[in-house]
Amino acid sequence: MSQFDKLLQRIRTLDKNMRFEELRKVLEHFGYEMRGPSKGSSHMTFRKPGSAPITIPHHNKIDRVYVEMVREVVESEDHYEETGREDN
């Protein structure tokens, strides 16, 4: 199992020790682009055409709710790869 696969597994199990850079790596792998804050915020926004934006604070330790948001992306990408289409 590759390191990236292990990272995806940690997200699927909602590992409580996830770091911002790990979530960033996964989101960028799935085509999201990170945009920095406009004014003094520590929150980064990830955008992908056709998908809702995801905002995550740029902290070392990430709260579970943000890992859950990334897990939804991973699961939807898994579903897309399995079926070859999006459900609308």
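These numbers were taken from a predicted model, which means no experiment stands behind them.
Taken from OG1 in Thr55 to NE2 in His43, the straight-line distance is 7.5 Å, to the nearest 0.5 Å. The distance from the CD1 atom of Ile11 to the CD atom of Glu75 is 10.5 Å, given to the nearest 0.5 Å. His59 contributes atom NE2, which lies 10.0 Å from atom CE of Met44 (distance to the nearest 0.5 angstrom). Atom CD1 of Ile56 is separated from atom CE of Met34 by 10.0 Å, given to the nearest 0.5 angstrom. Between atom CG of residue Leu14 and atom CZ of residue Arg64 there is a gap of 4.5 Å, rounded to the nearest 0.5 Å. Annotation: the span from Leu8 atom CG to Phe30 atom CZ amounts to 5.5 Å, rounded to 0.5 Å.
Between Tyr66 and Met18, every side-chain heavy-atom pair lies at or beyond the 4.5 Å cut-off. Put simply, the side chain of Val26 does not reach to within 4.5 Å of the side chain of Val73, judged on heavy atoms.
Annotation: Glu68, atom CD; neighbour count of heavy atoms from other residues, nucleotides and ligands within 6.0 Å is above 12. Heavy-atom neighbours of Glu21 CD from other residues, nucleotides or ligands within 6.0 Å: above the threshold of 12. The neighbour count for Arg19 CZ, taken as heavy atoms of other residues, nucleotides or ligands under 6.0 Å away, is above 12.
Counting only residues at least two apart or on different chains, the salt bridge (Lys or Arg N to Asp or Glu O under 4.0 Å) pairs with a member in residues 47-63 are Lys48-Glu77.
When all heavy atoms of Pro53 and Thr45 are compared, the closest pair comes out as CB-CG2, 3.9 Å. Contact record, Tyr32 with Ser51: OH-CB, 3.4 Å, taken as the closest heavy-atom pair. When all heavy atoms are compared, the tightest approach of Asp5 to Met1 is CB-CG, 3.4 Å.
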